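Written out below as structure tokens is the structure these notes cover.
Please read all numbers here as calculations on a predicted model, not as lab measurements.
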Amino acid sequence: MKLSPINQRRLAVFKAHKRAFWSLVLFMLLFTITLFAEFIANNKPIIALYDNSLYFPVVNTYPETMFGGDFETEADYRDPYVIELIQARGWLLWPPIPYSYNTHITGLDVPAPSAPTTANWLGTDDQARDVAARVIYGFRISVLFALALTFASSIIGICVGAIQGYYGGKIDLFGQRFLEIWGGLPVLYLLIILSALVTPNIWWLLGIMLLFSWTQLVDVVRAEFLKGRNLEYVRAARAMGVSNSVIMFRHILPNAMVASLTYMPFLLTGAITTLTSLDFLGFGLPAGSASLGELVQQGKSNIHAPWLGISAFAVLSVMLTLLVFIGEGVRDALDPRLVK
């Protein structure tokens with residue numbers, strides 16, 4: 001698809017912003033790698049060859065009897081007995097990190113948490129789980145959660161701001177009073193209370209956080225619609241009998257999206273920070289999930305194991321810094337003073 005001249009200039013401005021451009025490249029590379037986390041860190045082999053037949057335990061479930069075992073339940077590929085059965089008639093191809101985020105490692109030389117070794121690149125946490133595997137899975141779930149929350153809250157916020165700005169009058173008046181009351185609520189405390197009232201899972205958490213995050217784009221979109229509804233081409237469209245919905249979303253919304261898009265990376269960072277905070281306090285993702293906030297909490301509780309805190313700090317700081325740099329580049333690319 002060919003870009004319009006103005007979008008080509010915006011893209012050129014973004015590419016000229018070297019820090020933002022390379023931050024985007026690095027962030028997309030890291031995110032793409034974590035999307036295939038099961039092939040990088042898993043307690044199941046990627047491929048198993050047995051009796052000249054290929055099996056893919058990383059994506060399929062096979063009973064132990066498939067490999068000559070005794071049980072109909074799923075094969076435990078870390079069991080020496082199962083490994084011996086398979087290797088007697090084939091071989092196993094393991095991921096680079098042979099542990100998943102919830103694998104409890106047995107046979108450590110020292111009590112958990114153990115320091116980094118060649119077997120555990122970033123060491124283990126206090127439950128003998130591989131930190132590198134938890135970081136990879138935690139990075140993925142944090143970004144996916146933030147993307148889902150940003151997308152959903154942006155749709156609601158843009159629609160509410162568009163309605164307020166376009167119709168004005170009492171709709172705008174009562175809408176602003178509601179936003180003032182809703183925005184004055186202590187969000188973090190309410191998130192903690194609501195998270196404590198229900199059994200936590202990612203969908204409940206997403207819905208609870210959506211209750212308070214949709215307001216962030218309302219004022220920006222409202223201001224654009226208040227300005228745009230009185231422009232000449234909008235008046236002309238209204239005089240020609242064009243419906244309000246068409247005017248709002250086809251004629252005014254594209255201009256409002258320019259201002260909205262500049263906020264998107266910062267909404268992402270806010271969502272990741274809030275999720276990490278809730279996980280740190282124990283009100284976030286279910287226990288045992290790959291959580292960066294839980295890793296931060298372990299670092300606080302295990303001062304004698306500095307690799308836990310350092311790993312969490314490094315991942316979060318790199319992730320958030322890259323998103324902030326990307327946001328700066330998007331802001332400059334959409335700045336009309338720089339795009340001429």
Side-chain angles (χ1 to χ4, degrees), residues 26-50 54-59 62 67 74-143 276 279 287-319 321-322:
L26 181 56
F27 180 81
M28 292 305 299
L29 176 62
L30 294 174
F31 182 48
T32 303
I33 290 174
T34 59
L35 286 177
F36 299 94
E38 286 78 8
F39 295 89
I40 301 171
N42 209 321
N43 57 357
K44 300 178 182 179
I46 300 174
I47 303 174
L49 177 68
Y50 182 77
L54 286 177
Y55 300 89
F56 301 92
V58 73
V59 293
Y62 302 107
F67 306 108
E74 183 180 4
D76 181 3
Y77 300 97
R78 299 192 58 79
D79 187 342
Y81 174 68
V82 175
I83 295 175
E84 183 179 349
L85 286 174
I86 297 175
Q87 290 182 340
R89 298 186 180 183
W91 46 261
L92 295 167
L93 176 63
W94 288 93
I97 301 174
Y99 310 105
S100 187
Y101 67 91
N102 56 358
T103 302
H104 294 273
I105 305 171
T106 58
L108 291 173
D109 295 332
V110 296
S114 61
T117 63
T118 55
N120 306 108
W121 301 346
L122 297 178
T124 63
D125 63 9
D126 57 10
Q127 298 183 41
R129 298 172 299 191
D130 187 77
V131 174
R134 293 186 64 78
V135 162
I136 293 172
Y137 283 88
F139 187 102
R140 180 176 69 177
I141 197 171
S142 295
V143 175
T276 303
D279 286 336
S289 300
S291 163
L292 296 178
E294 193 255 355
L295 187 60
V296 174
Q297 197 278 333
Q298 286 207 29
K300 171 181 173 293
S301 302
N302 298 278
I303 304 299
H304 61 285
W307 55 88
L308 297 176
I310 292 173
S311 298
F313 170 77
V315 174
L316 287 170
S317 60
V318 168
M319 182 194 308
T321 301
L322 292 177

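- Taken to the nearest 0.5 Å, the CZ atom of F67 stands 4.5 Å off from the CD1 atom of I86.
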**Request:** Could you check I105 against D130 for side-chain contact (heavy atoms from CB on, under 4.5 Å), going step by step and ending with a plain yes or no?
**Result:** CA-CA 8 Å; I105 305 171; D130 187 77; 4.1 Å; yes
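- For the atom pair OH of Y101 and CD of E38, the computed distance is 9.0 Å after rounding to the nearest 0.5 Å.
- Annotation: the span from Y99 atom OH to H104 atom NE2 amounts to 13.5 Å, rounded to 0.5 Å.
- Between the side chain of R134 and the main chain of S289, a donor-acceptor pair closer than 3.5 Å is present.
- Side-chain contact between F27 and V143: present, with at least one pair of heavy atoms (C-beta onward) separated by less than 4.5 Å.
- To the nearest 0.5 Å, the span separating OG1 on T103 from CG on N42 amounts to 7.5 Å.
- Under the 3.5 Å distance criterion, the side-chain polar atoms of T117 are matched with a main-chain donor or acceptor of A119.
- Using a 4.5 Å cut-off on side-chain heavy atoms (C-beta onward), V131 and L308 make contact.
- Checked options V296, L295, T321; the residue passing with L316 is V296 (criterion: side-chain contact (heavy atoms from CB on, under 4.5 Å)).
- At least one donor-acceptor pair closer than 3.5 Å links the side chain of R78 to the backbone N or O of P98.
- Closest of all the heavy-atom pairs between L92 and A48 is CD2-CB, 3.5 Å.
- Side chains of I47 and L54 form a contact here, defined as non-hydrogen atoms less than 4.5 Å apart.
- Side-chain atoms of Q298 come within 3.5 Å of backbone atoms of D126 as a donor-acceptor pair (strictly under, hydrogens ignored).
- A donor-acceptor pair under 3.5 Å is absent between the side-chain atoms of N302 and the main chain of A305, judged by distance alone.
- Distance check, rounded to the nearest 0.5 Å: OG of S311 to CG of D125 gives 10.5 Å.
- Put simply, the side chain of W307 gets close to the backbone of T124: a donor and an acceptor are under 3.5 Å apart.
- Closest approach of K300 and I303 over heavy atoms only: O-CD1, 3.3 Å.
- Across all their heavy atoms, S142 and M319 have their closest contact at CB-CE, 4.5 Å.
- In this structure, I33 and F139 have side chains that are not in contact, with every pair of non-hydrogen atoms separated by 4.5 Å or more.
- Residues L26 and L322 meet the side-chain proximity criterion, which asks for heavy atoms closer than 4.5 Å.
- More than 12 heavy-atom neighbours from other residues, nucleotides or ligands sit within 6.0 angstrom of CD on Q127.
- The line from CZ of R129 to CG of N102 is 8.0 Å long, rounded to the nearest 0.5 Å.
- Between the Y77 side chain and the W94 main chain, no donor and acceptor come within less than 3.5 Å of each other.
- Smallest separation of non-hydrogen atoms from A41 and P95: N-CB, 4.2 Å.
- A 4.5 Å side-chain heavy-atom check between I136 and I97 finds at least one atom pair inside the cut-off.
- Scanning all heavy atoms of the two residues, the minimum distance from L292 to A312 falls at O-CB, 4.4 Å.
- Enclosure of atom OH in Y81 by more than 12 non-hydrogen atoms of other residues, nucleotides or ligands within 6.0 angstrom is indicated.
- A314 approaches S317 most closely through the heavy-atom pair O-OG, 3.0 Å.
- Ring planes of Y50 and Y55: tilted class, angle from 30 to 60°.
- For the pair S100 (side chain) and N43 (backbone), a donor-acceptor distance under 3.5 Å is absent.
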